[in-house]
Amino acid sequence: MLDIKRIREDYEGSKAGVERRLKGSFGIENIPALDEKRRDLLAKVEAMKATQNKVSREIPKMKKAGEDTTAVMAEMKELSQSIKELDVEVSQVETEIRDCLLGIPNIPADFVQEGEDDSANVELRRFMEPTKFDFEPKAHWDIGADLNILDWERAGKIAGTRFTIYKGLGARLERAIENFMLDLHTIDQDYLEILPPFMVNRTAMTGTGQLPKFEEDMFYVPQKDFFLIPTAEVPVTNMLGGEIIPEAELPIHYTAYTPCFRAEAGSAGRDTRGLIRQHQFNKVELVKFTRPEDSWDELEALTADAEAVLQILGIPYRVVRLSTGDLGFSSACTYDIEVWMPSYGRYVEISSCSNFLDFQARRANIRFRRTEGGKPEYVHTLNGSGLAIGRTTAAVLENFQQADGTVVIPEPLRKYMGVDVITKNEKY
RNA sequence: GGAGACGUAUCGAAGUGGUCAUAACGAGCCGCACUCGAAAUGCGGUCGCCCGUUCCGGGCGCGUGGGUUCGAAUCCCACCGUCUCCGCCA
């Protein structure tokens, strides 16, 4: 959520900032009139309340002195009625303002390049060169099927398309990657491991920006008005909602493994095969809460922490900065880490690292207080995948496949796997 | 799922329709005094949000949202959460 004071004080600048996203209309033009209306109403109703309070304090005194209060009380009854009516108007306007503000995306950072979509993304760096093979490499869905470790047919039978059953060393590979990532982030990088709920309420979904605009992308549990989390970002960021954090605790670094659930509405026909786009997938997430002055450095560090996974595994990747048009709703700046995927013949997103500045903190009301006193201020929030596990599994299968159809396990994963090579699962 | 109790400032907790919610009373924390220093003691200070540009003034907030009333922490309704007992359960 943008700061309404900022819109009030620099309307043209705020509007121009949001419009750098190029796509869509944002409704910011409704704010100034609503804001003015609200302040007019407030001034009126608060003056009336001041009178009401004053007189109410005098009534008991009058009664004590034996005076007749009937006339005053009749007057106050009218005033009270007017106040109620105005209060309703105020809260209507405030709801309108909030609804409007909740629908306005974050302003991209100044240095983020303008562009319509991902074609304007800028490559910042690469690690290793794309993997070369002296045989015809297979896609991971064929590798998985041939080794009998990934089973899409039966997943379709019990759930539907965009689901996968992992079997044998396939399941163990997913679990090994998960544990490897969590150990890296918690032991070598000082993140605190969190295991959160996989369902959250509406307030949490609004805090990080998924609601109200993107309800169709979510799986919903009507009995309890819960949503299945689309990313650990939602529970892990909102867990500090409404809190005032002592400055000494910042920065806070959390990491969490969760499954993620996405309806993938609107992506029919895209990435229909393999592990790339699933209704349910596993992910390790990194989440940070920082002082405003630290968030840009923390974004660089967070991205580096996610990159470390691929560096240690030895898988080629590149880092790009998203253009304004490709930026997520809540983000001011996002770096995508894209892994080399031989079956696609290109780099594929495996992590998205963003600085939200105070956009989420304002929605979720997450603040901190400086040790030197003063008013609470909003923290900055950041997050990034550290990494998507399913896509990492796919990348390992494809980049480490051998001519004989087996897959060699990258050395750092072997202690988690217990084997060096994945050979065909012969069991039913 | 059934029954009951409870949600007040950083924590404990009093207040059960106005006349101390600028929150009693404890504790914590921050100053100051006493002290060589500390402890103990004494004195003072210590929540958030909104509006009016500041000093300052006004409004709102006792889990959340409604209602009754001239006036609600206090009465009524709904919801959320916590705890205890019973049932059920991995």
Side-chain angles (χ1 to χ4, degrees), chain A residues 1-11 31-102 195-207 211-212 221-227 235 238-250 259 358 361-379:
Chain A
M1 193 156 65
L2 297 180
D3 185 358
I4 191 160
K5 282 185 205 143
R6 174 178 178 179
I7 299 176
R8 191 183 298 153
E9 283 158 18
D10 180 22
Y11 172 66
I31 293 291
L34 287 170
D35 182 40
E36 207 172 317
K37 187 174 172 192
R38 168 172 177 270
R39 284 185 294 157
D40 286 348
L41 284 170
L42 267 187
K44 218 188 286 178
V45 75
E46 283 181 6
M48 289 163 78
K49 283 180 180 173
T51 308
Q52 185 185 46
N53 289 338
K54 207 166 128 199
V55 176
S56 286
R57 255 174 270 136
E58 267 154 34
I59 287 179
K61 288 182 199 158
M62 291 171 69
K63 281 188 170 170
K64 218 172 180 179
E67 293 174 47
D68 179 19
T69 57
T70 330
V72 194
M73 276 169 52
E75 238 174 83
M76 285 302 102
K77 193 178 178 92
E78 266 179 56
L79 183 63
S80 166
Q81 194 53 41
S82 312
I83 288 173
K84 261 176 208 159
E85 283 161 18
L86 275 183
D87 267 341
V88 169
E89 272 192 70
V90 169
S91 71
Q92 277 170 352
V93 174
E94 287 184 340
T95 304
E96 270 184 80
I97 290 173
R98 185 168 169 82
D99 287 351
C100 190
L101 282 176
L102 286 177
L195 181 59
F198 301 160
M199 293 181 236
V200 297
N201 59 29
R202 231 167 241 285
T203 306
M205 287 296 256
T206 305
L211 292 181
V221 184
Q223 296 95 312
K224 298 289 261 176
D225 201 26
F226 287 158
F227 294 85
N238 285 288
M239 63 188 260
L240 298 188
E243 297 191 20
I244 299 176
I245 303 162
E247 183 180 22
E249 301 294 334
L250 298 177
D358 59 2
R362 183 170 282 110
R363 286 173 162 247
N365 196 21
I366 308 169
R367 294 173 294 171
F368 77 106
R369 198 194 305 275
R370 294 191 190 270
T371 311
E372 290 308 312
K375 298 221 133 237
E377 300 170 48
Y378 289 110
V379 299

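Labels below follow one simple rule: chain letters A, B, ... track the order of the sequence lines, proteins then strands, and each chain is numbered from 1. Source: prediction; values computed, not measured.
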A/Arg38 side chain vs A/Val93 backbone, donor-acceptor pair below 3.5 Å: no
Nearest to side-chain heavy atoms of A/Met76, which nucleotide of B/G58, B/G48, B/C70: B/C70
Measure the CG-CG distance between A/Leu101 and A/Asp3 for me, rounded to the nearest 0.5 Å. 9.0 Å
I want to verify a distance call: between B/G59, B/U69, B/C49, whose nearest atom is closest to the A/Lys77 side chain? B/U69
Residue A/Glu46, side-chain atoms from C-beta onward, closest of B/G71, B/G59, B/G48: B/G59
So A/Glu75, base contact, sugar-phosphate only, or nothing? Heavy-atom distance under 4.0 Å. nothing
Starting the side chain at C-beta, find the nucleotide from B/G18, B/C49, B/U69 nearest to A/Ser56. B/G18
Using atom P in both nucleotides, what's the gap between B/U16 and B/A73 to the nearest angstrom? 13 Å
Would you mind reading off the distance between A/Glu94 atom CD and B/C49 atom C1', rounded to a whole angstrom? 11 Å
For RNA chain B, whose closest nucleotide is more 5', that of A/Ala43 or that of A/Arg57? A/Ala43
Give A/Asn201 one of three labels, base, sugar-phosphate or nothing, depending on what nucleic acid heavy atoms sit under 4.0 Å from its own. nothing
Once you round to the nearest 0.5 Å, how far does CD1 of A/Ile83 lie from NZ of A/Lys44? 13.0 Å
Take the protein atom CG of A/Leu42 and the nucleotide atom C1' of B/C60, then report the distance between them rounded to whole Å. 10 Å
A/Ile97, A/Leu2, A/Thr206 screened by side-chain contact (heavy atoms from CB on, under 4.5 Å) with A/Leu102, the one that passes: A/Thr206
Can you tell me which nucleotide in B/C51, B/C60, B/C70 comes closest to the side chain of A/Lys63? B/C70
Do A/Tyr378 and A/Asn365 make a side-chain contact, defined as non-hydrogen atoms from C-beta onward lying under 4.5 Å apart? yes
A/Leu41 CG to B/G58 C1', straight-line distance once rounded to whole Å: 16 Å
Ignoring the backbone of A/Pro376, work out which of B/G59, B/G48, B/C70 is nearest its side chain. B/G48
Atom C1', compared across B/G17 and B/C76: separation rounded to whole Å: 13 Å
In whole angstrom, give me the gap between the C1' atoms of B/G44 and B/U53. 32 Å
CG of A/Asn53 versus C1' of B/G58: gap in Å, rounded? 10 Å
Any chance CE of A/Met199 has more than 12 other-residue heavy atoms, nucleotides or ligands included, within less than 6.0 Å? no
Write down the distance between CG (A/Leu79) and P (B/C70), rounded to a whole number of angstrom. 12 Å
Could you tell me how far B/G31 sits from B/U82 if I compare only their C1' atoms? Round to whole Å. 37 Å
Let me know the distance between CZ of A/Arg38 and P of B/C50, rounded to the nearest Å. 9 Å
B/G63 and B/G12, which share atom name P, separated by this distance in whole Å: 13 Å
Indicate, with a heavy-atom threshold strictly under 4.0 Å, whether A/Ile59 touches base, sugar-phosphate, or nothing. base
If the C1' atom of B/G57 is compared with that of B/G65, how far apart are they to the nearest Å? 30 Å
So what stems show up for RNA chain B if we need 3 or more Watson-Crick or G-U pairs in a row, all under 3.5 Å? B:1-7 with B:80-86, B:10-12 with B:25-27, B:28-33 with B:41-46, B:47-52 with B:56-61, B:63-67 with B:75-79
Closest nucleotide of RNA chain B for A/Tyr378 versus for A/Lys84: which of these residues is on the 5' side? A/Tyr378
With A/Phe368 via ring pair (Phe, Tyr, Trp, His ring centres under 6.0 Å) - residues at least two apart: none
The nucleotide from B/G18, B/C50, B/G52 with an atom nearest the side chain of A/Arg39 is B/G52
Mind checking A/Lys49 for me? I need base, sugar-phosphate or nothing, with any heavy atom below 4.0 Å counting as a touch. sugar-phosphate
Taken to the nearest whole Å, CE/A/Met73 to C1'/B/U68 is 14 Å
Distance, C1' atom - from B/U10 to B/C79, rounded to whole angstrom: 28 Å
Within this structure, what is the CG-to-P distance between A/Asp35 and B/C51, rounded to whole angstrom? 8 Å
If the C1' atom of B/U74 is compared with that of B/G7, how far apart are they to the nearest Å? 15 Å
